[in-house]
2 protein chains.
Amino acid sequence: MGEDLDAVLVRYLKDVHALEQQELKLLEAALEMAGDPQLEQVYRGHLLETKEHERYTRERIDAHGASPSNLKDVALETVAASMGLATKAASHTPAKLAAQAFAFQHLEIASYELLIRVAERAGDSKTIEVAQRIIGEERSAAEKIAATFDVAVESSLQ
Amino acid sequence: MGEDLDAVLVRYLKDVHALEQQELKLLEAALEMAGDPQLEQVYRGHLLETKEHERYTRERIDAHGASPSNLKDVALETVAASMGLATKAASHTPAKLAAQAFAFQHLEIASYELLIRVAERAGDSKTIEVAQRIIGEERSAAEKIAATFDVAVESSLQ
């Protein structure tokens with residue numbers, strides 16, 4: 001594995017790890033204002049998966065002798081900047097949150113697809129395996145979120 | 001059509017119209033830094049479609065006797081807030097732009113899905129028809145963008 005390619009791979013790993021951290025905050029905000037048991041169940045289920053994704057990606061960063069970017073101080077700003085959420089969460093409806101969460105799954109799917117391509121070039125089969133497993137769960141979460149659109153609209157109209 | 005429901009429908013129409021305006025800026029930024037003919041072709045093709053989507057959704061807002069929100073002054077900020085783009089475009093790679101564009105298609109798909117559900121309740125069949133046609137083109141654009149992930153990574157690594 002060339003040194004440069006390893007540095008690029010670590011950067012892509014840090015990107016997906018940062019997304020997982022942002023998603024934890026997004027899902028916590030979505031849970032708070034879901035206002036419907038079906039919505040809550042979907043968000044709560046994916047919150048558990050997302051905690052695992054955060055750990056898996058952190059472990060891959062560790063395996064490359066690097067450390068995750070510290071999002072503590074910038075987390076809210078980053079979430080806001082990436083999806084227009086959090087700082088203005090109060091102005092969002094359950095429907096809008098469902099749309100944002102659906103889009104966020106696809107931001108993650110695309111980011112893991114890119115990571116896989118860099119990991120292939122770097123010959124890091126463990127990262128490829130982890131990324132493929134996570135993509136499967138993000139796709140499944142996206143489908144579950146799409147299945148809540150009816151109830152999310154209903155909940156927003158009340 | 002109840003008066004309240006009509007107001008809600010107009011709000012959802014304004015939301016998708018604002019997304020189309022944001023997408024025009026996103027695609028122009030993506031085109032500028034694509035650095036590859038295949039990427040350029042995908043972004044240019046969807047830019048033409050997006051101009052039509054902006055017009056179609058504006059016409060639906062007009063049909064309800066309303067006016068689109070004026071994004072002139074807030075456009076860059078809105079794009080930045082919604083997808084972390086534009087203001088920091090210079091720090092983005094073609095791979096990252098492809099991921100953002102892919103996610104943005106899904107933000108639009110979800111938003112039109114929600115619009116359709118509100119339009120169904122409001123009995124606005126013309127809006128349903130327009131939204132379904134646009135969703136088809138957003139899905140197709142998302143697939144084309146996903147097909148560029150290889151070349152986007154290659155282009156980013158150079």
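Since the structure is predicted, the reported quantities are computational estimates derived from the model, not experimental observations. All chains are named by letter (A, B, ...) in the order of the sequence lines, taking the proteins before the strands, and each is independently numbered beginning at 1.
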Inset, instruction - Ignoring hydrogens and angles, state whether a donor on the side chain of A:His46 or A:Gln105 is under 3.5 Å from an acceptor on the partner side chain. - result: yes
Inset, instruction - Kindly write out the residues that satisfy salt bridge (Lys or Arg N to Asp or Glu O under 4.0 Å) with B:Glu59, not counting sequence neighbours, or none if the list is empty. - result: B:Arg55
Legend entry - Point-to-point distance, once rounded to the nearest 0.5 Å, from OG1 of A:Thr127 to CG of A:Leu9: 5.5 Å
Legend entry - Qualifying side-chain hydrogen bond (donor to acceptor under 3.5 Å, both in side chains) pairs, either residue in residues 106-116 of chain A, two or more places apart: A:Glu20-A:Tyr112, A:His106-B:His106, A:Glu113-A:Arg117, A:Glu113-A:Arg139
Inset, instruction - Report the residues that fulfil side chain to side chain contact (heavy atoms under 4.5 Å, CB included) with B:Glu32, sequence neighbours left out, ordered by chain and then residue number. - result: none
Legend entry - Within residues 149-158 of chain A, residues adjacent to chain B where the heavy-atom gap is under 4.5 Å: A:Phe149, A:Asp150, A:Val153, A:Glu154, A:Ser156, A:Leu157
Legend entry - Greatest number of heavy atom pairs closer than 4.5 Å to chain B - which of A:Asp15, A:Ile145, A:Ile109: A:Asp15
Inset, instruction - Kindly work out whether a path of hydrophobic side-chain contacts (I/L/V/M/F/W/Y, heavy atoms less than 4.5 Å apart) joins A:Ile134 to A:Val10. - result: no
